[in-house]
Amino acid sequence: MVELAPNALKVLEGRYLKRNENGNVTENPEEMFRRVAGTVASAEKTYGATGEEIRDVEGYFYNLMGNLEFLPNSPTLINAGRELGQLAACFVLPVEDSMVSIFESLKNAALILQSGGGTGFSFSRLRPKRDKVMSTGGIASGPVSFMKVFNTATEVIKQGGARRGANMGILRIDHPDIIDFITVKRDHRELANFNISVAVTDAFMEAVERDGEYELLNPRTGRVVSTKKAGEVFEQIIQSAWETGDPGLIFIDRINRDNPTPRLGIIESTNPCGEQPLLPNEACMLGSINLARMVKKVKSSNSPSPIDNPPTPPLEMGGKGGFENGGQGGITNEIDYKKLEKTVRLAVRFLDDAIDANKYPMPQIEAMHKGNRKIGLGVMGWADMLIMLGIPYDSEKALNLAREIMKFIRDKAREESIRLAEKRGIFPNFSGSIYDREGMPGVRNATTTTIAPTGTLSIIADCSSGIEPLFAIIYTRHVMDTVLEEINSLFVKKAKEEGFYSDELMKKIAVKGTLRGIKEVPRKVKKLFITAHDIKPECHIDMQAAFQEYTDNAVSKTINLPKKATKEDVRKAYIYAYSKGCKGITIYRYGTKKGPLQIEDVG
């Protein structure tokens with residue numbers, strides 16, 4: 001039986017495990033992992049695997065998930081081996097400037113949302129409000145009005161009975177209705193089922209820097225309709241983000257410079273959390289490695305040695321490791337690169353198989369996804385790994401390790417994609433891709449790496465989410481209709497080891513969430529267990545940029561700001577993220593909207 005934390009069991013029972021017609025749970029977590037492993041491994045038959053070989057691969061996949069070393073995106077865990085069979089989390093749908101296209105996209109979005117996927121849209125091709133509608137002689141209502149229609153439809157769709165609807169709405173900075181878009185969510189009742197981001201161009205950012213003007217274009221005609229002061233529009237973005245957390249920024253030119261298949265078109269939108277830029281009608285399979293499970297205890301530092309064998313054998317179950325302990329007894333923690341490489345290689349194989357095992361909601365999405373075979377392998381448990389290694393999150397050492405470990409993951413993922421291509425063939429749209437133009441080896445997947453937020457996956461894996469720092473030492477998490485009390489087990493372990501643990505101390509921490517100002521906790525422990533709101537915005541962005549250097553797609557990262565943060569703090573964060581090479585940025589000033597994570601006092 002898979003060993004899981006109590007909160008993991010609550011989440012699985014509430015959202016993931018099979019139920020009968022009476023709503024009663026009919027499988028346990030072990031059976032869920034076997035269901036997923038068997039469904040995904042069955043795709044190996046497409047490439048000539050025998051029954052025995054498929055059973056072996058199924059065993060490898062099962063152990064990978066059962067040991068909580070890797071988990072695929074939620075739709076795979078929920079739908080694999082079930083009637084829906086839709087395994088992908090991320091989709092982008094086109095919205096062209098016609099009533100037929102708009103409502104075709106809405107229909108397709110409904111099917112995707114129902115299956116557990118999240119949808120992204122660019123509304124930039126829609127003509128602005130009060131523009132002419134030649135077919136009827138009327139006037140257009142504009143993109144924001146149609147976003148409200150999509151939002152209402154999402155409200156009545158409960159994804160697969162397990163996930164709320166999630167959308168990303170994007171509008172280019174040079175659209176004439178950009179101010180309406182920027183300000184719409186200042187009314188908290190509007191677009192509750194959308195994250196929104198402005199697709200910001202390099203030209204706009206340069207205009208902001210020189211305090212100049214930029215042009216607004218009618219997408220119907222392509223003509224300039226007016227100019228605006230870039231600084232004034234930027235101030236509106238800052239004001240809305242400071243008030244509500246929306247909109248975020250997507251640096252669209254930077255994203256398209258990394259578009260692996262430019263001959264197929266330009267990237268206009270991302271998935272709901274912003275980490276997966278996709279072409280229209282494209283999907284992606286995501287999965288994350290639990291870095292907290294990639295740490296080993298050693299007597300002395302040993303250099304990691306590379307391996308060639310991709311499948312990983314069954315591994316022993318176990319909890320999070322201990323801490324670097326100053327050499328007591330010659331024992332310390334270090335990254336197990338051999339295990340990490342095995343995990344990366346097998347995870348890439350899993351995600352590639354999942355593309356073939358998937359039941360797609362529309363044939364055009366199946367064609368695009370199988371044409372590019374994009375996968376996005378990322379990480380979770382990053383903050384836990386740093387704690388286990390004795391490295392403060394907001395340190396230069398942490399940034400250097402982020403680059404080192406993500407480069408390792410990207411390189412091994414790409415190597416495995418090349419190896420799969422040799423056996424199964426390159427992705428069909430390889431011709432004209434960046435790999436083709438640069439004379440690089442044939443790869444199986446147009447992209448291999450993405451950093452996703454891993455919200456509920458990290459609960460299942462009992463680790464910190466994505467590359468985020470600890471949100472708090474003790475806090476309340478709301479997952480759908482379930483309320484979870486989270487207490488950081490690594491801190492409890494450390495407090496007991498060092499002799500300062502007490503029930504009174506934990507109650508005091510529960511009020512604050514952080515260790516700031518709590519004198520009972522030693523300074524070195526405070527530095528190690530630093531939480532999101534005690535980290536400077538620049539440090540959050542530095543971490544995002546460090547991972548982005550070696551990530552094919554993009555990086556989901558929340559730039560947490562305390563409630564007392566100013567609009568100038570938001571401005572600095574936006575400018576800094578652009579200067580550091582990020583592909584986008586999302587800021588969240590605590591308390592500006594009701595989020596899933598709650599603590600009583602964050603300053």
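All heavy atoms count here, side chains included; hydrogens, waters and symmetry mates do not.
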>> As a quick check of understanding, evaluate salt bridge (Lys or Arg N to Asp or Glu O under 4.0 Å) for D352 and R424, giving each step before the final call.
In response: CA-CA 10 Å; D352 189 68; R424 302 178 176 184; 3.0 Å; yes
> Of K18, R35, R34, which is the lone residue that meets side-chain hydrogen bond (donor to acceptor under 3.5 Å, both in side chains) with E27?
Replying inline: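 Of the listed options, the one satisfying the test is R35.
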>> Can you tell me which residue among Q544, E275, H540 is in a side-chain hydrogen bond (donor to acceptor under 3.5 Å, both in side chains) with K557?
In response: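 Testing each of Q544, E275, H540 against K557, the sole residue satisfying side-chain hydrogen bond (donor to acceptor under 3.5 Å, both in side chains) is H540.
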Contact check, side chains of [X] and [Y], non-hydrogen atoms, under 4.5 Å:
X: V555; Y: C582; result: no
X: N400; Y: E396; result: yes
X: N488; Y: I474; result: no
X: I509; Y: T514; result: no
X: L77; Y: P72; result: yes

>> Does K296 form a side-chain contact (heavy atoms from CB on, under 4.5 Å) with K339? I'd like the steps, not just the answer.
In response: CA-CA 9 Å; K296 64 180 179 179; K339 180 178 178 181; over 6 Å; no
> Should we say atom NZ of K370 is surrounded by more than 12 heavy atoms from elsewhere, each under 6.0 Å from it?
Replying inline: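 Above 12, so yes.
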Among side-chain atoms of [X] and [Y], is any donor-acceptor pair under 3.5 angstrom?
X: E282; Y: N372; result: yes
X: S417; Y: N445; result: yes
X: T476; Y: E485; result: yes
X: R477; Y: Y475; result: yes
X: Y337; Y: E404; result: yes
X: S74; Y: Y16; result: yes
X: H369; Y: K374; result: no
X: N79; Y: R82; result: no
X: T450; Y: Q276; result: yes

> Stepwise, does the side-chain contact (heavy atoms from CB on, under 4.5 Å) test hold for I112 with Y360?
Replying inline: CA-CA 9 Å; I112 290 168; Y360 289 87; over 6 Å; no
Starting at [atom1] of [X], measure out to [atom2] of [Y] and round the result to the nearest 0.5 Å.
X: C284; Y: R373; atom1: SG; atom2: CZ; result: 11.5 Å
X: I418; Y: Y435; atom1: CD1; atom2: OH; result: 9.0 Å
X: S458; Y: N290; atom1: OG; atom2: CG; result: 9.0 Å
X: F70; Y: T343; atom1: CZ; atom2: OG1; result: 10.0 Å

Would [X] and [Y] pass as an ion pair if we require N to O under 4.0 Å?
X: E416; Y: R349; value: no
X: R254; Y: D258; value: no
X: K580; Y: D542; value: yes
X: R419; Y: E415; value: no
X: D336; Y: K342; value: no

Examine distances only and state if a side-chain atom of [X] and a backbone atom of [Y] form a donor-acceptor pair shorter than 3.5 Å.
X: N271; Y: A89; result: no
X: T447; Y: T449; result: no
X: N7; Y: L484; result: no
X: E549; Y: A402; result: no
X: E44; Y: A41; result: no
X: D356; Y: A43; result: no
X: N67; Y: N63; result: yes
X: Q548; Y: N553; result: yes
X: T270; Y: P277; result: no
X: T551; Y: F547; result: yes

> With S556, which residues qualify under side-chain hydrogen bond (donor to acceptor under 3.5 Å, both in side chains), at least two apart?
Replying inline: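 With sequence neighbours excluded, S556 shows a side-chain hydrogen bond (donor to acceptor under 3.5 Å, both in side chains) to no residue whatsoever.
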> Would I585 and F251 satisfy side-chain contact (heavy atoms from CB on, under 4.5 Å), going step by step from the backbone distance to the final call?
Replying inline: CA-CA 9 Å; I585 176 172; F251 301 123; 4.3 Å; yes
Exercise: identify the closest heavy-atom pair between [X] and [Y]:
X: P260; Y: A446; answer: CB-O, 3.7 Å
X: L528; Y: I391; answer: CD1-N, 3.5 Å
X: M388; Y: A292; answer: CE-O, 3.4 Å

>> Applying side-chain contact (heavy atoms from CB on, under 4.5 Å) to L340 and K412, what does each step give before you reach the verdict?
In response: CA-CA 9 Å; L340 179 58; K412 299 308 174 187; over 6 Å; no
>> For a side-chain hydrogen bond (donor to acceptor under 3.5 Å, both in side chains) check, start with the C-alpha distance between T448 and D552, then their side-chain angles and the critical distance, and finish with the verdict.
In response: CA-CA 7 Å; T448 56; D552 293 343; 3.0 Å; yes
> D534 and T531: side-chain hydrogen bond (donor to acceptor under 3.5 Å, both in side chains), yes or no, with the steps?
Replying inline: CA-CA 6 Å; D534 294 328; T531 52; 3.3 Å; yes
>> If the condition is ring pair (Phe, Tyr, Trp, His ring centres under 6.0 Å), which residues does F430 pass it with, not counting sequence neighbours?
In response: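 Expected list: F427.
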